[in-house]
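Both backbone and side-chain heavy atoms feed into the values below; hydrogens, waters and symmetry mates do not. Each chain gets a letter, A, B and so on, in the order its sequence line appears, and its residues count up from 1.
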2 protein chains.
Amino acid sequence: MKFDPRHLEMLAAIVEAGGLTEGAAMLGKSQPSVSRSIAFLERRIGQRLFEPKRRPLRPTEIGLLLAQEGKRILEAGRAASALADGVARGVAGAVRVAGTPIFMDGVISGVIADFQGRHPNVRIDQSYAYAEEAMEKIAQDLLDLAILPLRPGTLSDEFAFCQILPGRNVIACRTDHPLAGRATLKSTDVVRYPWIAPPANSPLFHDLRAFLDRIDQREMKIGFTGGSLTAVLNVLSGSDSLTVLPFSVVFMLQRRNRIAALPVEIGDPNRHLGILTRRSAKPPMTARRFTEFTMSRFKEIEREIAAAGA
Amino acid sequence: MKFDPRHLEMLAAIVEAGGLTEGAAMLGKSQPSVSRSIAFLERRIGQRLFEPKRRPLRPTEIGLLLAQEGKRILEAGRAASALADGVARGVAGAVRVAGTPIFMDGVISGVIADFQGRHPNVRIDQSYAYAEEAMEKIAQDLLDLAILPLRPGTLSDEFAFCQILPGRNVIACRTDHPLAGRATLKSTDVVRYPWIAPPANSPLFHDLRAFLDRIDQREMKIGFTGGSLTAVLNVLSGSDSLTVLPFSVVFMLQRRNRIAALPVEIGDPNRHLGILTRRSAKPPMTARRFTEFTMSRFKEIEREIAAAGA
DNA sequence: CGAATTTCATAACATGAAGTTATATTGATT
DNA sequence: AATCAATATAACTTCATGTTATGAAATTCG
């Protein structure tokens with residue numbers, strides 16, 4: 001005996017509402033429709049589900065038991081509805097976001113924390129990726145969006161890129177570093193100190209190489225390499241090391257971690273930090289929400305940077 | 001967004017089975033039917049439920065979440081099916097049975113205990129009633145069956161009566177009662193001792209009155225009245241009291257409770273203990289099961305009585 | 001107790017989702 | 001690259017469910 005779950009739903013609704021008419025109303029159906037379906041069900045299982053000749057329809061023993069199962073079905077259906085509505089409104093579901101490690105850890109993690117505070121039912125699946133890999137994953141729909149530095153011109157039509165900050169990098173050091181506070185720096189100064197190298201394939205590393213090429217100083221002491229942002233910061237604040245970091249990361253961390261930026265700008269001025277998405281398929285509502293949230297958050301950060309610079 | 005629970009079932013089946021084809025098979029439906037239903041559902045909620053371009057169909061985030069609800073629906077449906085099957089086979093549900101208090105407590109309670117051991121999913125709703133009340137309730141379908149003493153001839157066509165034992169009553173006393181063991185008794189003997197009166201409106205009481213009328217002894221000392229069988233037995237075994245009890249009750253209890261029957265038979269010899277049911281409507285399977293079980297049990301009891309009498 | 005009211009069942013018909021088989025398409029596999 | 005298996009689509013049928021209108025029965029109330 002296989003039941004149509006809708007029949008059990010009707011049964012539960014009638015029992016719960018205390019009558020066929022109210023039960024039908026609760027389900028948004030007409031009374032005769034429900035009446036016929038229940039009659040059909042009773043004949044199919046060869047059992048009365050409601051006491052005969054009782055006008056406020058009262059369930060029999062088995063009617064009550066089956067109605068309990070029906071109630072579970074009703075509740076599962078309601079849960080599913082709530083879930084689907086949440087997804088449609090962008091307040092439930094998941095967002096798959098990736099970005100360069102240092103930037104994700106230094107800035108985006110804070111944004112994610114804020115976002116989760118407002119949308120606790122949205123899960124953020126974060127991963128680390130550089131531009132090439134991120135674009136691949138976005139194209140394969142393994143990723144909803146990526147937050148990373150790019151030159152907008154270099155992009156294929158497949159992608160959309162929404163810039164949020166200038167992608168400039170700076171040389172970072174601890175606040176009481178011998179070089180900190182100097183108005184100008186000679187290129188020979190910076191190579192006297194040990195360096196923390198960013199990951200070998202990262203944009204930061206390329207920028208650093210380009211910078212050293214430019215000042216014709218190919219010899220640098222690498223004192224530390226391969227660490228995450230936390231490790232980099234610890235080494236940075238406990239030694240005279242220098243490293244190259246996105247300005248936004250230094251800005252966000254400068255108070256808490258006593259990090260300073262030297263007056264040297266590094267990297268392509270045409271490059272910007274931005275949000276990379278796929279242009280074609282319309283993204284899930286959750287991803288759109290997160291994108292909007294991130295952008296508004298960065299507007300605030302931009303203002304803070306401007307205020308601090310003034 | 002209101003879901004058709006069948007869609008959620010399909011979703012769950014596909015996810016559980018690991019593919020659309022197997023899922024359809026699990027539900028006993030054709031593959032195209034399920035495919036189309038899922039496609040329909042995806043368009044309705046505007047969300048993909050399965051990753052596109054994946055051949056062993058794999059659920060998306062939301063697909064998985066909705067499938068979990070679907071699983072609950074599937075399980076509720078399965079539970080309902082098991083329940084309905086149980087009821088149809090008479091191994092689940094309830095039986096409403098009534099009978100005279102002394103007889104129910106003394107004999108039927110043991111039968112019920114046996115029955116419940118074999119059918120733990122059948123609930124026995126027991127109540128106490130004499131013939132008149134029992135017939136009313138059976139006619140109103142508030143009762144499935146009654147077990148009580150009746151003269152079969154007096155019955156209307158509405159009822160069926162299946163006799164299980166002669167309905168004879170005896171005078172009961174404790175085994176070491178002064179009268180116990182005597183081969184014959186004079187009527188004056190029995191009125192010397194205090195009596196325990198059965199409930200005033202019970203057949204036992206009427207039989208006792210008829211008996212006393214017959215032996216022309218209208219004066220009897222009533223020492224105790226109004227108690228249940230347990231109380232009656234306690235008084236009986238702790239004093240020289242006499243009372244009238246169905247023979248079957250005395251028989252069942254004589255070993256455990258040291259009760260004896262005096263060689264005096266009381267009551268209408270044309271009356272029999274039997275099972276009273278309604279003839280018209282076909283009874284629920286559970287009631288039929290219980291009736292059959294009770295009758296077979298009484299066949300055994302009858303053999304035991306015969307063996308003990310020999 | 002009978003009338004009014006509520007509540008459920010039935011009738012008649014329309015609609016459309018879901019069932020079917022046959023076939024095309026497209027990832028996956030070797 | 002070719003084959004295989006899994007899924008999607010097409011075309012069509014069927015039947016449960018939806019509708020409104022109405023009848024019947026039980027409950028309530030004056």
Practice problem: Check every nucleotide of DNA chain D for an atom under 4.0 Å from a heavy-atom of chain A, then give the first and the last such nucleotide from 5' to 3'. | Solution: dT17(D) to dT27(D)
Quiz item: Which sits closer to the 5' end of DNA chain D, Lys53(A) or Ser37(A), going by the nucleotide each is nearest to?
Solution: Ser37(A)
Self-check item: Validation row: Phe40(A), His7(A) side chains within 4.5 angstrom (heavy atoms)
Solution: yes
Quiz item: Whole Å only: how far is the CZ atom of Arg36(B) from the P atom of dA18(C)?
Solution: 8 Å
Quiz item: Is any side-chain heavy atom of Asp144(A) closer than 4.5 Å to a side-chain heavy atom of Pro284(A)?
Solution: yes
Quiz item: Touch check for Thr21(A), heavy atoms < 4.0 angstrom, all strands: base, sugar-phosphate only, or nothing?
Solution: sugar-phosphate
Quiz item: Just wondering, do Tyr128(B) and Asp105(B) contact through their side chains at under 4.5 Å, heavy atoms?
Solution: yes
Self-check item: Check ion pair Glu9(B)-Lys2(A) (N to O, under 4.0 angstrom)
Solution: yes
Quiz item: Lys29(B) has an atom NZ; how far is it from atom C1' of dA17(C), in whole Å?
Solution: 12 Å
Practice problem: By nearest nucleotide on DNA chain D, pick out whichever of Ser30(A) and Leu20(B) is the more 5' one. | Solution: Leu20(B)
Quiz item: CZ of Arg43(A) versus C1' of dA9(C): gap in Å, rounded?
Solution: 13 Å
Self-check item: Most 5' of Asp4(B) and Ala39(A) on DNA chain C, judged by nearest nucleotide
Solution: Ala39(A)
Quiz item: Could you give the CD-to-P distance, from Glu51(B) to dA28(C), as a whole number of Å?
Solution: 12 Å
Quiz item: Hey, is the side chain of Ser35(A) poking within less than 4.0 Å of OP1 or OP2 on dC8(C), counting only N and O atoms?
Solution: no
Quiz item: Within this structure, what is the NZ-to-P distance between Lys2(B) and dA17(C), rounded to whole angstrom?
Solution: 16 Å
Exercise. For Thr286(B) and Ala94(B), indicate whether the former's side chain and the latter's backbone hold a donor-acceptor pair under 3.5 Å.
Key: yes
Practice problem: May I ask you to verify if any side-chain N or O of His7(B) is less than 4.0 angstrom from the OP1 or OP2 atom of dA17(C)? | Solution: no
Quiz prompt | 4.5 Å side-chain heavy-atom contact, Met104(A) and Ser109(A) | solution = no
Quiz prompt | Atom-to-atom span, CG of Leu57(B) to C1' of dT25(C) - whole angstrom | solution = 15 Å
Quiz prompt | Phe40(A) CZ - dC8(C) C1' separation (whole Å) | solution = 19 Å
Quiz prompt | 4.5 Å side-chain heavy-atom contact, Gln163(B) and Pro152(B) | solution = yes
Self-check item: Arg6(A) CZ to dA17(C) P, straight-line distance once rounded to whole Å
Solution: 11 Å
Quiz item: Ser33(B) has a side chain; which of dC8(C), dT21(C), dA18(C) sits nearest to it?
Solution: dA18(C)
